[in-house]
Student: 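Let me give you the structure first, and then I'll get to my questions.
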Number of protein chains: 2
Amino acid sequence: MSLRHAILVLLQDQEASGYDLAREFANSIGLVWNATHQQIYLELGKLNDQSMVKYRHIPQDGKPDKKLYRITDEGRDELIRWLRKPAAPPRIRDAFMVKIAGGDLSDSASILRELDDQTDLRRERLNTFESLASKLDDTSRDRDLFTYLTLRRGILDQQAWLHWADEVRSALKKREEQPVSVPTSV
Amino acid sequence: MSLRHAILVLLQDQEASGYDLAREFANSIGLVWNATHQQIYLELGKLNDQSMVKYRHIPQDGKPDKKLYRITDEGRDELIRWLRKPAAPPRIRDAFMVKIAGGDLSDSASILRELDDQTDLRRERLNTFESLASKLDDTSRDRDLFTYLTLRRGILDQQAWLHWADEVRSALKKREEQPVSVPTSV
DNA sequence: AGTTGCTGCGCAATCCGTTGAATAAGTAGT
DNA sequence: ACTACTTATTCAACGGATTGCGCAGCAACT
């Protein structure tokens, strides 16, 4: 139950609309916590009911109106309270890894195909994170230390994944070179 | 929706009770997909209704009776069908990382405390995975290739995390040595 | 004698999250 | 002209997941 807290963290820096937040969840924070726009709007509604955030209505022409949310003192208190409690263990839901674990039932070709797709995605992400991190020069790296550390986490994560993918590729290649009769299930 | 498939993957190798599966979810597969016993029992019930699995009732004395589940042909078909479809992108729910991202509101001491706790956990996991992986010698590494690759994923993941944790520690240390006045929120 | 912990299963309430859709107006491309 | 995309919010339905509880007996520790 800490989508709310992720939102509060984002609102700490700047006033934002649900739409803005959704975009940030798709990028930066998405590395750490992901959410769809429906979820975000719902949660913003609840946070508003509990006066953790408040908004001002911005009429726009050409574009639809929007609500700019900002965090309240109650919101900041709640966030600080939450930060003090030990974090809940991460829930892991990696369907691709389940497929790897059940790899005996697949053929190498389809595994490799999906591995390559994932590799492209990860490589792209790595580039994004690296260019964001390099934009934080040494001076701003002090101010935005935690942004930097979050990015570092993402970078190391992608690198580890890509390294693993190489291992998978060479293992599958080796297996095909010496095709020892593989039992259906072991 | 692939708790069911994770269960089917596990049942592919051996007959197991809900309790057995829960233990495996707490360890090996837990690295990749986690679930509580309630969820598992519920899903086993559904899988049974759809005749993806069947069970035999084992009366025991001293211990409670149990149900030993095994996968059916329908279950294996369903699993193979699922393996062919592209996997859903992993959902990430890492509360600890949200706390890091909001680190400006915490004090270094409490961050370090939690970082150390997590480090212990990760190190322990790394040891477990490494000893499991080394048990798979070269011959069985061919048979259990996908078990091995899953373990490698876990190992690389823990290593990357531990490396990141070191970066965090030295960054926080450096910050305290030169305590530039840190604004309340940036 | 009492507590804790392990084996083993299950239900109910509630909450979290996803899927799918609707509305509405502008802009950019084919 | 038509299609597709972007900005911006919201609702409804369903299914997945968590929390809390309950039963039951044995083993082991204090």
Side-chain angles (χ1 to χ4, degrees), chain A residues 1-7 15-27 29-30 32-50 53-69 82 85 87-95 98, chain B residues 1-8 15-27 29-30 32-50 53 55-69 82 85 87-95 98:
Chain A
M1 211 263 294
S2 56
L3 168 59
R4 51 189 314 113
H5 302 109
I7 291 174
E15 211 178 16
S17 68
Y19 193 81
D20 295 334
L21 292 172
R23 249 189 292 105
E24 290 192 69
F25 269 94
N27 301 321
I29 309 291
V32 144
W33 196 283
N34 49 24
T36 60
H37 75 272
Q38 291 92 332
Q39 239 185 109
I40 291 163
Y41 284 117
L42 204 99
E43 200 64 45
L44 279 172
K46 286 187 202 166
L47 283 169
N48 185 58
D49 293 344
Q50 296 163 34
V53 298
K54 61 182 176 190
Y55 67 89
R56 50 202 187 96
H57 194 254
I58 311 286
Q60 299 186 117
D61 43 31
K63 295 173 184 178
D65 296 358
K66 63 176 167 182
K67 295 176 177 176
L68 276 185
Y69 288 88
W82 178 77
K85 296 191 305 181
R91 305 174 217 161
I92 306 166
R93 296 291 133 99
D94 195 333
V98 174
Chain B
M1 210 260 295
S2 58
L3 169 58
R4 52 191 311 116
H5 302 109
I7 290 174
L8 291 174
E15 211 177 16
S17 67
Y19 193 80
D20 295 334
L21 292 172
R23 247 188 294 105
E24 290 192 69
F25 270 93
N27 301 321
I29 308 292
V32 145
W33 196 284
N34 50 24
T36 60
H37 78 270
Q38 291 94 332
Q39 240 184 108
I40 292 162
Y41 285 120
L42 203 96
E43 200 62 45
L44 279 172
K46 285 186 202 167
L47 283 168
N48 186 59
D49 293 346
Q50 296 163 33
V53 299
Y55 67 89
R56 50 200 188 97
H57 193 254
I58 311 286
Q60 299 185 114
D61 41 32
K63 294 173 183 178
D65 296 358
K66 63 176 167 181
K67 295 175 178 177
L68 277 185
Y69 288 88
W82 178 76
K85 295 191 304 181
R91 307 170 217 164
I92 306 167
R93 298 288 134 99
D94 195 331
V98 174

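No experiment lies behind these values; they were computed from the predicted model shown. The chains referred to below are lettered A, B, ... by the order of the sequence lines, with proteins before strands, and numbering in each begins at 1.
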Student: Of the options D:dA8, D:dT10, D:dT18, whose atoms approach the side-chain atoms of A:Asp20 most closely?
Tutor: D:dA8

Student: How many whole angstroms separate atom CZ of A:Arg23 from atom C1' of D:dT9?
Tutor: 14 Å

Student: Salt bridge check: are A:Asp49 and A:Lys46 linked by an N-O gap of less than 4.0 Å?
Tutor: no

Student: Indicate for each nucleotide in nucleotides 11-17 of chain D, in 5' to 3' sequence, whether protein heavy atoms under 4.0 Å reach the base (B), only the sugar-phosphate (S), or nothing (-).
Tutor: B----SS

Student: Measure the distance from CD1 on A:Ile58 to P on D:dT7 and round it to the nearest whole Å.
Tutor: 17 Å

Student: Over how many whole Å does the gap from A:Gln60 atom CD to C:dA24 atom P extend?
Tutor: 17 Å

Student: I need the CG-C1' distance between B:Asp65 and C:dG10, as an integer number of Å.
Tutor: 14 Å

Student: For the pair made of CG in A:Leu68 and P in D:dT7, what is the distance, rounded to whole Å?
Tutor: 15 Å

Student: I need the CZ-P distance between A:Phe25 and C:dT18, as an integer number of Å.
Tutor: 12 Å

Student: Can you tell me if OH on B:Tyr41 sees more than 12 non-hydrogen neighbours from other groups inside 6.0 Å?
Tutor: yes

Student: Per the end-axis method with five pairs at each terminus, what is the bend angle of the helix from C:dA1-D:dT30 to C:dT30-D:dA1, to 10°?
Tutor: 40°

Student: When the distance from CG of B:Leu44 to P of C:dC9 is rounded to whole Å, what number comes out?
Tutor: 9 Å

Student: Atom CD1 of B:Ile40 to atom C1' of C:dG8: distance rounded to whole Å?
Tutor: 13 Å

Student: Should A:Tyr19 be listed as having a side-chain N or O under 4.0 Å from OP1 or OP2 of D:dT7?
Tutor: yes

